[in-house]
Amino acid sequence: MHIVLVDDSIPFDGNSPSTEPLGGAEKTFASLPGALARRGHRVQVFNRASSPGEIEGAVWESWQGTRPVACDVLIAFRRPELLGFIASAARSMLWLASSAEYLREDRLQGLLYAHRPTLVFMGETHRASYRPSDIALATAVIAPGIRPEYLSPVPPAPLHPPWAVATCHPLLGLEWLIGLWSDCVHPQCPHATLRLYSAALDRARSGAPVPDVFKSVAALAIGAQDKGIAIFRPSADGAMAEAYRGARVHLYPGDAREAHCHTLAESQACGTPAVARPFPATAEQIAEGVSGYLAADADPFARMTLKLLEDDAAYVRLSSAARERNAGRNPDSAAAAFEANWG
């Protein structure tokens, strides 16, 4: 089949996750074309990639590249406006990466009615954000494929003194987590470190300007270095996988607005147990008491964090389960799930 994928956001391609830090949504998109090509399809990708070329059997075109007149499947990423990118597509899919609330906007109703795409969600929590309007559209849930760096057979090897990792957006519970670590975890385990992976916090630490909305949490994080908190710049997948395998626990405060927790899925695949607050998206990634713990309040959250930092038996049990639960969740399985929805 001839498959065309379209995204008009930022410049990246199928090699980007291996060479630079990339957002979870973009990484998910970057991983699919090659997987579809491996299944025998002719795949073209149109986006803002700076260097068009063939990657893993898929052809990445420039945004100004010549569009085909027709295709068998058009996969538009995030924006309904992209459904008209190809004049004639036998099947259309709108692949969503955030809450589907915006699909109810009046300006989009004509597009959705004209193309009647299958709406693709990244999980059941994500699909729950969709409230159908008068237009009946098919929906599908396809879990993002986890990239091979995180599924490597290399076993986790947590280092000593122990560290925890946090990858949440600075405005989605990070101030709460910093306070919890400083007041409840550090006094009990002063030799442990909490590594905060955040591009915005890294810029603030270096003295570069950041938007006003980040200044409060950045000051809090920078001022908590004496509490064992350290700031790191996010890395490409290989280095992030190493960081997860070296950690004892992934701390993820979460937020009710999240549709999918990409970094939590990746760390679980590496075998890093997690402690998270029990929001729908975090609960989708963690098997409670099996691959991590869900705790709404500060006291149990801190208690479970200390348990994983200090209790080797608990760490090994949850780490093994986390790896086992995610072993087959790769881009090829995602490609197969897309195929299953083409009929």
Side-chain angles (χ1 to χ4, degrees), residues 1-18 22-98 100 102-103 108 110-122 126 130 135 137-145 147 260 330-343:
M1 298 180 74
H2 181 196
I3 304 166
V4 174
L5 297 96
V6 190
D7 170 63
D8 68 347
S9 58
I10 63 173
F12 67 92
D13 60 30
N15 291 325
S16 297
S18 298
L22 198 64
E26 292 79 14
K27 194 184 303 185
T28 296
F29 182 92
S31 303
L32 184 64
L36 289 170
R38 286 192 291 274
R39 300 183 70 82
H41 300 291
R42 176 191 171 201
V43 182
Q44 286 181 284
V45 186
F46 289 84
N47 81 334
R48 307 287 183 182
S50 56
S51 300
E54 183 175 317
I55 300 173
E56 295 185 312
V59 178
W60 289 71
E61 310 276 7
S62 69
W63 188 250
Q64 295 76 26
T66 303
R67 304 179 187 184
V69 175
C71 67
D72 296 303
V73 182
L74 171 68
I75 303 175
F77 197 49
R78 292 186 277 215
R79 296 187 64 235
E81 293 87 345
L82 298 177
L83 291 166
F85 188 83
I86 300 295
S88 177
R91 299 176 181 85
S92 294
M93 308 185 90
L94 179 59
W95 194 7
L96 304 174
S98 59
Y102 70 101
L103 296 183
L108 299 177
L111 281 170
L112 296 174
Y113 182 83
H115 296 282
R116 295 186 177 273
T118 297
L119 303 179
V120 180
F121 299 92
M122 296 187 178
H126 192 192
Y130 174 57
I135 305 169
L137 297 175
T139 64
V141 171
I142 300 177
R147 291 184 61 84
H260 185 80
N330 54 40
D332 294 311
S333 66
F338 269 91
E339 281 185 336
N341 280 277
W342 298 337

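For the pair His126/Val141, no side-chain contact is recorded, criterion being any heavy-atom separation below 4.5 Å from C-beta on. In this structure the side chain of Leu94 never reaches within 4.5 angstrom of the side chain of Leu137, judged on heavy atoms. You'll find the side chain of Leu119 reaches within 4.5 Å of the side chain of Leu103, heavy atoms only. Put simply, the side chain of Phe338 reaches to within 4.5 Å of the side chain of Val120, judged on heavy atoms. You'll find the side chain of Trp63 stays beyond 4.5 Å of the side chain of Asp7, heavy atoms only. When side chains are defined from C-beta on, His115 does not count as touching Pro80, because their heavy atoms never get closer than 4.5 Å. In this structure the side chain of Tyr102 reaches within 4.5 angstrom of the side chain of Leu96, judged on heavy atoms. A heavy-atom distance below 4.5 Å is found between the side chains of Asp8 and Arg48.
A search for ring pair (Phe, Tyr, Trp, His ring centres under 6.0 Å) contacts involving His260 returns His262, not counting sequence neighbours. Remark: Trp60 pairs with no residue by the ring pair (Phe, Tyr, Trp, His ring centres under 6.0 Å) rule, at least two apart or across chains.
If you take CG on Leu83 and CG on Leu111, they are separated by 6.5 Å, rounding to the nearest 0.5 Å. Here CD of Glu339 is found 4.0 Å from CZ of Arg39. Values are rounded to the nearest 0.5 Å. Within the model, atoms CZ of Arg78 and OG of Ser9 stand 4.0 Å from one another, a figure rounded to the nearest 0.5 Å. For the atom pair CD (Glu54) and CG (Asp13), the distance works out to 12.5 Å, reported to the nearest 0.5 Å. Considering CZ of Arg42 and CG of Leu36, their distance stands at 14.0 Å, rounded to 0.5 Å.
At least one donor-acceptor pair closer than 3.5 Å links the side chain of Asn47 to the backbone N or O of Phe12. No donor-acceptor distance shorter than 3.5 angstrom exists from the side chain of Asp332 to the backbone of Ala335, with no hydrogens or angles considered.
Closest approach of Pro33 to Ala58, counting heavy atoms only: CB-CB, 3.7 Å. Closest non-hydrogen pair, Val43 versus Leu5, comes out as CG1-CD1, 3.5 Å. When all heavy atoms are compared, the tightest approach of Trp342 to Arg91 is O-NE, 2.6 Å. When every heavy atom of Pro331 is checked against every heavy atom of Ser31, the shortest pair comes out as CB-O, 3.6 Å.
A cation-pi arrangement is absent between Arg79 and Phe77 under the rule of less than 6.0 angstrom and at most 45 degrees off the ring axis.
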Contacts table for residues 65-75: side-chain donor-acceptor under 3.5 angstrom, sequence neighbours left out:
from  : atom 1 : to    : atom 2 : distance (Å)
Arg67 : NH1    : Phe85 : O      : 3.3
Asp72 : OD2    : His2  : N      : 2.7

